[in-house]
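See structure below.
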Protein chains: 2
Amino acid sequence: MSVNHDCRNELKEASLKATPARLAILKLLESTEKPVDVKAVRSFIRKNNSKTDPATIFRILNSFTKRGLARQIYLNESKARYERANKIEHHHLICQSCGQVQDILDCTIFDLEKDILKKKGFLVKTHSMEFFGLCLRCQH
Amino acid sequence: MSVNHDCRNELKEASLKATPARLAILKLLESTEKPVDVKAVRSFIRKNNSKTDPATIFRILNSFTKRGLARQIYLNESKARYERANKIEHHHLICQSCGQVQDILDCTIFDLEKDILKKKGFLVKTHSMEFFGLCLRCQH
DNA sequence: TATTAAATGCAAGTCTATTGCATTTAGAAT
DNA sequence: ATTCTAAATGCAATAGACTTGCATTTAATA
């Protein structure tokens with residue numbers, strides 16, 4: 001079954017029509033390793049010889065986020081980034097020198113969340129945790 | 001020694017002139033429990049019968065951040081918030097219902113940072129970790 | 001193929017943040 | 001106290017991120 005077909009199914013399940021713009025953005029989110037901002041989406045779409053209005057891109061990314069196809073994340077900057085939501089829960093290592101983003105999969109803070117509930121009575125629904133520093137190459 | 005005097009000293013140490021706007025903002029950061037955004041700073045200043053240009057507020061907050069008087073933080077939204085930097089390292093519990101922000105002081109993720117260096121070779125300089133959920137009162 | 005709710009394009013507008021430049025001011029030097 | 005000057009501010013213009021209303025187009029169903 002083709003990737004394209006999978007995407008169509010996924011959109012259908014989310015009650016979203018399979019429009020060219022949505023398929024393209026889904027494909028981008030699928031193929032990229034670094035969470036993308038709207039600017040990156042725009043230039044990707046332009047490269048593929050199609051033109052989609054920025055407002056539409058925002059609307060698509062919002063609907064993806066709402067329907068669980070994408071996750072909206074903030075890497076300590078004044079704009080949102082997006083990544084596919086079909087990846088396992090993870091966090092990011094953001095290199096302050098080259099901007100590269102790696103994922104870390106092993107999240108050990110669930111114990112911490114239980115602890116917070118016990119000590120503070122605060123019920124954690126979700127968390128954000130990002131690490132900023134230098135990747136291996138940029139340390140030299 | 002008055003708080004005002006302390007603030008003047010601190011500004012002096014940071015090679016920043018003790019202007020009315022700076023003293024006011026420093027006082028606000030000192031007195032508030034929740035990290036403030038620029039809007040909150042503006043309305044605070046207006047309440048105190050003075051008027052400072054938004055551009056100046058941005059410049060002040062940026063200089064405070066650069067000189068270590070304030071910390072810039074992002075609570076998963078498209079704008080910066082600021083808090084005094086003389087508090088101990090801590091993280092936040094943000095209630096998704098009432099918006100209240102609590103601090104958690106015991107940060108147990110330094111071990112995790114060492115682990116990241118060992119496993120990934122990524123040298124962590126700083127991190128962000130925020131928890132979103134429901135505070136005690138909003139759970140009922 | 002026709003129908004229609006959903007999606008898009010366009011334009012206008014909001015909010016956050018930045019920058020250049022003329023004017024003002026804090027703080028030091030006199 | 002007064003003068004001086006670099007630093008700070010106000011103002012206006014601008015950029016970038018994001019939203020919204022409305023007319024038009026289109027995907028998916030009958």
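Computation of the quantities below employed the complete heavy-atom set of this structure, encompassing side-chain atoms and omitting hydrogens, waters and symmetry-equivalent molecules. Chain naming here is simple, since letters A, B, ... match the order of the sequence lines and numbering starts at 1 in each.
Across all strands, B:Asp37 comes closer than 4.0 Å to no nucleic acid atom at all (heavy-atom distances). Heavy atoms of B:Ala55 sit under 4.0 angstrom from at least one base atom.
Checking the phosphate oxygens (OP1, OP2) of C:dA17, a side-chain nitrogen or oxygen of A:Ser78 falls inside 4.0 Å.
Side chains of B:His90 and B:Gln102: no donor on one and acceptor on the other come within 3.5 Å. In this structure, a donor-acceptor pair under 3.5 Å is absent between the side chains of B:His127 and A:His91.
Of the candidates D:dT29, D:dA17, D:dA12, D:dT29 carries the atom nearest the A:Lys12 side chain, counting heavy atoms from C-beta on. When each of C:dT8, D:dC18, C:dA26 is scored by its nearest atom to the side-chain atoms of A:Thr19, the top-ranked nucleotide is C:dT8. Comparing atom distances between the A:Phe58 side chain and each of D:dC18, D:dT29, D:dT20 picks out D:dC18 as nearest. Ranking D:dT9, D:dT29, D:dA28 by closeness to the B:Thr56 side chain, first place goes to D:dT9. If you check D:dT29, C:dT18, C:dC10 against the side chain of A:Asp53, the one that comes closest is C:dC10. For A:Lys17, whose side chain is taken as the heavy atoms from C-beta onward, the closest listed nucleotide among D:dC11, C:dA17, D:dA27 is D:dA27.
Between B:Leu23 atom CG and C:dT25 atom P there is a gap of 16 Å when expressed in whole angstrom units. The distance from atom CD of A:Glu77 to atom P of C:dT16 is 17 Å, rounded to the nearest whole Å. Distance NZ (B:Lys79) to P (D:dC18): 13 Å, rounded to an integer number of Å. Between A:Ile60 atom CD1 and D:dT19 atom C1' there is a gap of 15 Å when expressed in whole angstrom units. For the pair B:Arg46 CZ and D:dG10 P, the computed distance is 13 Å after rounding to whole Å. Counting to the nearest Å, the C1' atom of D:dA8 and the CD1 atom of B:Ile57 are 14 Å from each other. Rounded to whole angstrom, the span from the CG atom of B:Asn62 across to the P atom of C:dT16 amounts to 15 Å. Remark: P of C:dT8 and CG of A:Leu16 are 9 Å apart, rounded to the nearest angstrom.
In terms of position along DNA chain D, the nucleotide closest to B:Arg22 lies nearer the 5' end than the nucleotide closest to the other residue of the pair B:Arg22 and A:Pro54. Nearest-nucleotide assignment on DNA chain D puts the 5′-proximal partner with B:Ser15, out of A:Lys39 and B:Ser15.
A salt bridge (charged side-chain N to carboxylate O under 4.0 Å, His left out) with B:Glu10 holds for exactly one of B:Arg67, B:Lys27, B:Arg22, B:Arg84; it is B:Arg84.
Between A:Glu113 and A:Lys118 there is no salt bridge, since no side-chain N of the basic residue sits under 4.0 Å from a carboxylate O of the acidic one.
Side-chain atoms of B:Arg59 come within donor-acceptor range of the base of C:dG20, with a qualifying N/O pair under 3.5 Å.
Within a 6.0 Å sphere centred on NZ of A:Lys39, heavy atoms belonging to other residues, nucleotides or ligands number 12 at most.
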